[in-house]
Peer 1: 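Encoded as structure tokens, here's the structure I'll be asking about.
Please read these numbers as outputs of a predicted model, since none were measured by experiment. Each chain gets a letter, A, B and so on, in the order its sequence line appears, and its residues count up from 1.
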Amino acid sequence: MTYHPKSDFMRVMIERGFLADCTDYQALDDALIAGVVPAYIGFDATAKSLHVGSLIQIMMLRWLQKTGHQPITLMGGGTTKVGDPSFRADERPLLTPDAIDANIAGIKQVFAKYLDYDTDAPNRALMLNNAEWLDELNYLDFLRDIGRHFSVNRMLSFESVKSRLDREQSLSFLEFNYMILQAYDFLELNRRYGCLLQMGGSDQWGNIVNGIDLTRRVLDHEIFGLTSPLLTTSDGKKMGKSQDGAVWLNAEMRSTYEFWQFWRNTTDADVGRFLKLYTELPVDECNRLGALEGSEINAAKVILANEITTLCHGAEAAAAAEATARAVFEKGGVGDDLPTLDLSAADLGDGISIVQLIVRSGLTKSGKEAKRLIAENGARLNDAPLTEAGLIIDAAALAEPIKLSAGKKRHALVRLAD
RNA sequence: GGGGAGUUGGCAGAGCGGUCAAAUGCGGCGGACUGUAAAUCCGUUGGGGCAACCCACCUAGGUUCGAAUCCUAGACUCCCCA
């Protein structure tokens, strides 16, 4: 990457590692210098919250706004009804419109923390939903106006669907239309809002390029695409998964403490890279912290966790998570911020088995797993090894909150609610 | 419309009448080592139940002393021909 950008936005993207590819560096850079550039990223509503894997996208929009341009967050209210087949081995289950709407409501929450939708400035962030224009499309009109610009020959050649075809796995016509709809989104956003740029993960390259081509053909407008690298951790795992599944950005789906812990446990080799991508610390500082060696880099991981948690959940949540982590790991104690299971007297009844408590507190997914944990001496009750699988916890035992632990790192509190 | 192949644990993939809760790999979990890291090594790994015990190899029946394995019907997936 020898290109030296003139615009702040491009400079940030390049030096912080956001950039995988761009359709035209020079022309986009010029446009960014010339004025406020509206740019969008689409988010499909496949779950009630986005997870850490989307954070890079969100950070790109945040930098965009910080450097004076206009971010557009596009909810895929329409496209989610179809399902993006890109690089997927099988078809996604179809979501009902109600589920999609509920998901969108959940996803929207997180954006307000990263982007400013309320300012009077010309670069006010926009929240849109492509259902607005996709829902009312007329099939025949759409085919005639838009469909005629697409070559099936070309669509079949895209890498994103090739693997599916090569493996002779069926690609339904419904899914096949996804890329056309996404291309149409870009066209509509350009028409309605003057949107000049679509960003996304590198798996979206084909879809983005289609939108650019379509817009050129229909409106004769020159617009751009920019992709971010597909992130994996240094040890080759997909970004955003932890032991029990996705690391969600919404606090009600993943506690802020667990969110903090996820970043605190970053692999050494990823610290510098993640600081640049997910925090706003100066690049030099990121590089310095990422270069620390041995146990010193642990301090950098705390900074990483604090910075990211502050952005996503606020400074208080970050401080509380850090305090709890210190109490738990450095003093072997308890912290208020540990995941907590509140039991009512009714829940408790005459007593509840310890196995049930471990499951309900979220430490294991099944009772068998909990029993295995106990059998392997991995379970602890108030830091004492738990050996008796048949233990029943009653109200007396819960006079004080108890701490359950699975292994050395995962803890939960159980207390009796009034 | 006709013919064929298949459906096994989170995934991939063996098993083809008893010794099968089911090989192996991945993933997960626990432990050791460390720095709440990585790599490595060791152990473990279907579900429900405090327990006895129960449910489990697409579904529903059937044959057998006995079925993931055989038969019948159904659902779904894939392939080939038209």
Side-chain angles (χ1 to χ4, degrees), chain A residues 88-91 93-94 164-172 232-238 240-247 257-275 289-306 309 321-335 337-338 348-381 383 385-394 397 404-412:
Chain A
R88 288 186 63 91
D90 45 21
E91 190 166 349
L94 287 177
R164 184 85 159 261
L165 298 171
D166 288 348
R167 293 169 64 184
E168 298 187 328
Q169 276 160 332
S170 126
L171 175 72
S172 72
T232 51
T233 57
S234 305
D235 41 318
K237 290 177 186 134
K238 260 194 206 135
K241 301 285 182 191
S242 80
Q243 65 276 61
D244 6 75
V247 181
Y257 169 76
E258 291 172 288
F259 183 82
W260 192 93
Q261 277 294 314
F262 172 77
W263 296 106
R264 169 63 185 81
N265 283 307
T266 296
T267 304
D268 288 9
D270 290 329
V271 172
R273 193 160 58 109
F274 285 2
L275 282 166
L289 289 168
L292 293 175
E293 295 199 358
S295 57
E296 276 187 21
I297 202 164
N298 274 331
K301 293 181 187 179
V302 171
I303 294 172
L304 179 73
N306 279 337
T309 307
E322 184 185 357
T324 290
R326 287 201 191 285
V328 171
F329 287 97
E330 290 170 24
K331 305 191 183 81
V334 194
D337 221 21
L338 287 177
L348 189 60
D350 294 334
I352 186 168
S353 72
I354 193 69
V355 169
Q356 278 302 305
L357 277 187
I358 291 172
V359 174
R360 292 185 56 183
S361 65
L363 291 174
T364 65
K365 280 181 279 213
S366 72
K368 286 285 185 213
E369 229 175 90
K371 276 173 233 165
R372 193 182 310 141
L373 190 70
I374 293 168
E376 288 173 331
N377 292 317
R380 273 165 299 133
L381 169 60
D383 295 312
L386 192 58
T387 49
E388 193 189 335
L391 187 65
I392 302 286
I393 300 294
D394 56 19
L404 294 175
S405 309
K408 290 180 176 156
K409 288 166 71 164
R410 297 156 53 228
H411 311 275

Peer 1: How would you label the contact of A/T266 with the nucleic acid (heavy atoms, under 4.0 Å): base, sugar-phosphate, or nothing?
Peer 2: sugar-phosphate
Peer 1: Indicate whether OP1 or OP2 belonging to B/G30 is found under 4.0 Å from a side-chain N or O atom of A/R380.
Peer 2: no
Peer 1: For B/G35, does OP1 or OP2 lie under 4.0 Å from any side-chain N or O of A/K408?
Peer 2: no
Peer 1: For a quick test of reading the model: is some side-chain N or O of A/K365 closer than 4.0 Å to OP1 or OP2 of B/G48?
Peer 2: no
Peer 1: Taking any heavy-atom pair under 4.0 Å as a contact, classify A/E330: base, sugar-phosphate, or nothing.
Peer 2: nothing
Peer 1: Just compare B/A32, B/A37, B/C50 and give me whichever is closest to any side-chain atom of A/S353.
Peer 2: B/C50
Peer 1: Given B/U45, B/A37, B/C50, which nucleotide is nearest the side-chain atoms of A/T267?
Peer 2: B/A37
Peer 1: Quick check on contacts: within residues 321-329 of chain A, what sits under 4.0 Å from RNA chain B by heavy-atom distance?
Peer 2: A/A325, A/F329
Peer 1: Can you list, in residue-number order, the parts of residues 296-305 of chain A that come under 4.0 Å of RNA chain B, counting heavy atoms only?
Peer 2: A/I297, A/N298, A/K301
Peer 1: Using a heavy-atom cut-off of under 4.0 Å over every strand shown, decide if A/G367 touches base, sugar-phosphate, or nothing.
Peer 2: sugar-phosphate
Peer 1: Mind checking who B/C50 pairs with, Watson-Crick or G-U wobble, both distances under 3.5 Å?
Peer 2: none
Peer 1: Within less than 4.0 Å of OP1 or OP2 of B/C29, is there a side-chain N or O belonging to A/R410?
Peer 2: no
Peer 1: When you measure from the side chain of A/R380 to the backbone of A/G407, do you find a donor-acceptor pair of N or O atoms at a distance under 3.5 Å?
Peer 2: yes
Peer 1: Under 4.0 Å: is that the gap between some side-chain N or O of A/Q356 and OP1 or OP2 of B/G49?
Peer 2: yes
